[in-house]
Amino acid sequence: MLYRFGDFQLDTERFELHRAGRLVQLEPQVFELLVYLVANRDRVVTRRELYDRIWRGRIVTDAALNSRIKAARAALADEIPENTKSAYD
């Protein structure tokens, strides 16, 4: 599946994210997180879903999910004002 948004192209078959034609390096869990969020962009995705999808039932801390979200934001050059919070903050 190929998703396009803004300057980005997310290719699930090749496991690649491109921005303006340039490859963006991602850790596998960060890539999987982005794919899941983009594929489910029409609804709110819960933390529980992300734990089940990314870690497949293994017990991990909230810090692990937060670090993957932070890495995904960095990969997308997501500039969020300091006083703005997501549902996961």
Side-chain angles (χ1 to χ4, degrees):
M1 172 71 61
L2 186 62
Y3 296 101
R4 291 191 173 132
F5 50 97
D7 290 341
F8 294 94
Q9 183 172 307
L10 185 63
D11 188 333
T12 62
E13 292 179 14
R14 298 178 71 185
F15 301 97
E16 292 179 345
L17 174 68
H18 289 91
R19 181 177 192 180
R22 301 185 116 184
L23 182 64
V24 177
Q25 296 294 325
L26 295 175
E27 295 176 17
Q29 286 181 334
V30 176
F31 182 83
E32 192 171 350
L33 172 70
L34 279 176
V35 169
Y36 193 75
L37 292 173
V38 169
N40 292 281
R41 65 192 172 278
D42 59 335
R43 64 184 187 83
V44 173
V45 175
T46 67
R47 290 179 87 79
R48 180 79 265 147
E49 281 182 81
L50 294 175
Y51 287 128
D52 291 344
R53 177 64 181 209
I54 308 302
W55 286 276
R56 292 168 178 74
R58 291 187 309 242
I59 297 173
V60 295
T61 65
D62 284 343
L65 177 57
N66 293 341
S67 77
R68 298 319 180 277
I69 291 170
K70 183 177 179 180
R73 286 178 168 176
L76 298 174
D78 190 5
E79 296 181 22
I80 298 175
E82 282 186 35
N83 62 346
T84 303
K85 291 189 179 259
S86 74
Y88 302 107
D89 291 336

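Just so it is clear, the values below take in all heavy atoms, side chains as well, and ignore hydrogens, waters and symmetry mates.
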Q. Does Arg68 reach the side chain of Glu27, with side-chain heavy atoms less than 4.5 Å apart?
A. yes
**Q.** Interatomic spacing from CG in Asp52 to OG1 in Thr46 - rounded to 0.5 Å
**A.** 7.5 Å
**Q.** Gap between atom CG of Leu37 and atom CD of Glu49 - 0.5 Å precision
**A.** 9.5 Å
Q. Just wondering, more than 12 heavy atoms not from Arg48 lying within 6.0 Å of its CZ?
A. yes
Q. Rounded to the nearest 0.5 Å, what separation is found between the CD atom of Glu32 and the CD atom of Gln29?
A. 7.5 Å
Q. Does CG belonging to Leu23 count more than 12 external heavy atoms closer than 6.0 Å?
A. yes
Q. Between Arg41 and Val38, is there a donor-acceptor pair closer than 3.5 Å when you use the side chain of the first and the backbone of the second?
A. yes
Q) Would you say Tyr3 and Thr12 make side-chain contact, with heavy atoms under 4.5 Å? A) yes
(Q) For a 4.5 angstrom cut-off between non-hydrogen side-chain atoms, does Leu33 reach Leu50? (A) yes
Q | Heavy-atom closest pair, residues Asp11 and Phe31 | A | O-CZ, 3.4 Å
**Q.** Shared hydrophobic cluster for Tyr51 and Ile59 (ILVMFWY, side-chain gaps under 4.5 Å)
**A.** no
Q: Mark yes when over 12 heavy atoms from residues, nucleotides or ligands other than Arg14 sit less than 6.0 Å from its CZ; otherwise mark no.
A: no
Q: Measure the acute angle between the ring planes of Phe5 and Phe8, then classify it against the limits of 30° and 60° as parallel, tilted or perpendicular.
A: parallel
Q. How far apart are the closest heavy atoms of Leu17 and Ala75, and which atoms are they?
A. CD2-CB, 4.5 Å
Q) If every non-hydrogen atom of Leu2 is compared with every non-hydrogen atom of Arg4, which pair is closest and at what distance? A) CD2-NH2, 3.4 Å
Q.
Please determine whether side-chain contact (heavy atoms from CB on, under 4.5 Å) holds for the pair Arg47 and Asp62, giving the CA-CA distance in whole Å, both sets of side-chain angles, and the decisive distance to 0.1 Å.
A. CA-CA 9 Å; Arg47 290 179 87 79; Asp62 284 343; 3.5 Å; yes
(Q) Walk me through whether Leu34 and Leu76 qualify under side-chain contact (heavy atoms from CB on, under 4.5 Å). (A) CA-CA 10 Å; Leu34 279 176; Leu76 298 174; 3.7 Å; yes
Q | Nearest heavy-atom neighbours spanning Trp55 and Leu65 | A | CH2-CA, 3.7 Å
